[in-house]
Amino acid sequence: MGKSVQKITENVSLIASADTWIEGLAIQQLIKTSELSGMHRVAGMPDLHPGRGYPIGAAFFTLNKIYPALVGNDIGCGMSLWQTSAKVSKVNLEKLAKKFEHVELPLDESWSSIIENRKSEKCITTDNYDRALGTIGGGNHFAEFQAINEVYDQKALDELGLNKKHLQLLVHSGSRGLGQSILVEHITKHNHDGLGFNDEDFQDYMAKHDEAVRWAELNRELIARRFLEAIRANGNCALDINHNLVSAKNIDGSDGWLHRKGATPSDKGYVVIPGSRGDYSYLVKPISGNEATAENLNKSLFSLAHGAGRKWKRGECHGRLGHKYKREDLYRTALGSRVVCGNKELLYDEAPQAYKKCETVISDMVDAGLIEVVAKLRPVLTFKTNGDCSS
DNA sequence: ATGTCC
């Protein structure tokens, strides 16, 4: 069990077994980040990979200041899982693939009352990014229809209201331009410096950050609702979990601030850890607070992987895959799923080959005593973008 | 990651 929790330095842990491949640069970034002033403890997840200066797939616990740059631009990014009323057995992949022509446009007037109501319920006052509400965005964001492939804990599935016969919908998106604008405002004024609790901009950042988190949640809800409408189905949200945010937390007796950058909370109930679009995703139950795992929970900063983790950098994937795979080859995956992605670079950047095998990431967290697997989800159709096919 | 970029 202890073998999947590595001690990198006195205050840096890595939740990964020795044979899980993690890029050296990511470890360097993890250690460097642990040396920031006020940093108390850092934890890398098994999907750790390099970012711009700071690693992705990690949690950072500070005592008396926050670092907006560690949260990054996509404040509130996360995963929501919806069960649709559609039946897996009725799916026709090519028919399904044609139903998403309009899901990237700003939501039309038929949505304005639900948008207004939900914004008011969630205390979202900004209107500046209304045009982006209900849109997935780029990068690793997606909407994916999935089938429950294997069940390991039927009771947990029942608790979540999930039924194997129904098609599931997993949405990965965040706060789009809103989060970006909040980060840019901070960087413009403070560079990458943190904000102490008594700094005048502390409360201002936190208020904007918290609103961006709520905006991102609403964004995923609207994405799910418009995809449900596109396939003429109903649906229920089973879970919605943020993996990019900073929040107050008491860890091992210390009050502080827990930054998560591509790190899924293990203290918010069931979560989905998605594999690449050509791999299974895992619905898991975080293990909370028995004696055997208490120390590992502290070392992991109550966090889990947020996915399989990139193996290859964005931008280098086309070069690595272009010889072997034509564009058409990537519209289907080894698990028989369909990919809708009209943007060529994105098609290669997010190819299954660019990611690690999700199973190793999952088994590292099982071995660390952090999770139990509830079910394995098989991709059916991954929507990225209708895109610009000319590029 | 980005109402993305020269």
Side-chain angles (χ1 to χ4, degrees), chain A residues 26 29 33 45 47-58 60 67-80 102-108 111 115 124 126-143 171-188 192 205 208-209 211-213 215-220 222-223 226 242-246 259-264 274 276-277 306-310 312-318 341-350 354-355 383-391:
Chain A
Q29 291 181 337
T33 308
M45 302 298 127
D47 61 334
L48 186 79
H49 59 277
R52 293 189 173 182
Y54 312 113
I56 297 155
F60 314 98
Y67 284 95
L70 288 181
V71 177
N73 63 319
D74 199 4
I75 301 163
C77 186
M79 298 281 169
S80 64
H102 305 294
V103 295
E104 290 172 284
L105 299 168
L107 289 166
D108 65 27
W111 293 85
I115 290 174
I124 295 168
T126 182
D127 301 321
N128 293 344
Y129 295 87
D130 281 1
R131 283 174 57 81
L133 262 181
T135 63
I136 297 173
N140 58 359
H141 291 170
F142 61 80
V171 175
H172 178 203
S173 189
S175 56
R176 314 283 278 106
L178 174 60
Q180 166 85 346
S181 73
I182 295 166
L183 177 66
V184 166
E185 188 186 353
H186 173 78
I187 300 274
T188 304
H192 284 221
Y205 173 80
K208 287 173 174 160
H209 163 283
E211 182 173 4
V213 167
W215 194 101
E217 289 165 356
L218 177 57
N219 189 35
R220 287 188 290 275
L222 291 167
I223 291 165
R226 84 186 306 186
N242 300 303
H243 56 230
N244 281 2
L245 76 168
V246 54
H259 305 66
R260 289 185 171 105
K261 175 64 177 173
T264 301
S276 75
R277 69 190 185 209
H306 78 312
R310 290 200 81 88
W312 298 344
K313 279 197 272 293
R314 282 202 182 99
E316 72 177 28
C317 302
H318 193 181
C341 183
N343 179 292
K344 192 159 82 174
E345 284 317 304
L346 207 48
L347 187 63
Y348 285 96
D349 278 348
E350 297 299 313
Y355 285 85
F383 182 92
K384 297 291 291 178
T385 177
N386 290 310
D388 169 12
C389 296
S390 65
S391 63

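Only a predicted model underlies this, so the values are computations on that prediction, with no experimental measurement involved. In what follows, chains carry the letters A, B, and so on, assigned in the order in which the sequence lines appear, proteins first and then strands, with residues in each chain numbered from 1.
Partners of A/Ile75 according to the side chain to side chain contact (heavy atoms under 4.5 Å, CB included) rule, which considers only residues two or more places apart in sequence or in another chain, are A/Val71, A/Ser175, A/Ile182, A/Tyr205, A/His209, A/Ala212, A/Val213. In this structure, the side-chain hydrogen bond (donor to acceptor under 3.5 Å, both in side chains) partners of A/Ser173, at least two apart in sequence or on a different chain, are A/Asn219.
In this structure, the side chain of A/His141 engages the main chain of A/Ile136 through a donor-acceptor pair within 3.5 Å.
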Grab the N/O contacts between the protein and nucleotides 4-6 of chain B below 3.5 Å, and write none if there aren't any.
none

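Relative ring orientation between A/His172 and A/His243 is described as perpendicular, the plane-to-plane angle rising above 60° on a 0-90° scale split at 30° and 60°. A/His306 and A/His49 have parallel rings, their planes meeting at less than 30° on a 0 to 90° scale where 60° marks the start of perpendicular.
The cationic atom of A/Arg310 (NZ for Lys, CZ for Arg) lies less than 6.0 Å from the six-membered ring centre of A/Tyr355 and within 45° of the ring axis.
Backbone-only contact: A/Gly139 has heavy atoms under 4.0 Å from sugar-phosphate atoms and none from a base. Among the protein residues, A/Gly138 comes within range of the sugar-phosphate backbone only, with heavy atoms under 4.0 Å from sugar or phosphate atoms but none that close to a base. At a threshold of 4.0 angstrom between heavy atoms, the contacts of A/Arg176 are confined to the sugar-phosphate backbone, with no base atom among them. Within the 4.0 angstrom heavy-atom criterion, only backbone atoms of the sugar-phosphate kind lie near A/Gly137; the bases stay farther away.
We find that CD of A/Glu345 is positioned 17 Å from C1' of B/dT2, with the value rounded to whole Å. When rounded to the nearest whole Å, the span between CG of A/Leu346 and P of B/dT2 equals 10 Å.
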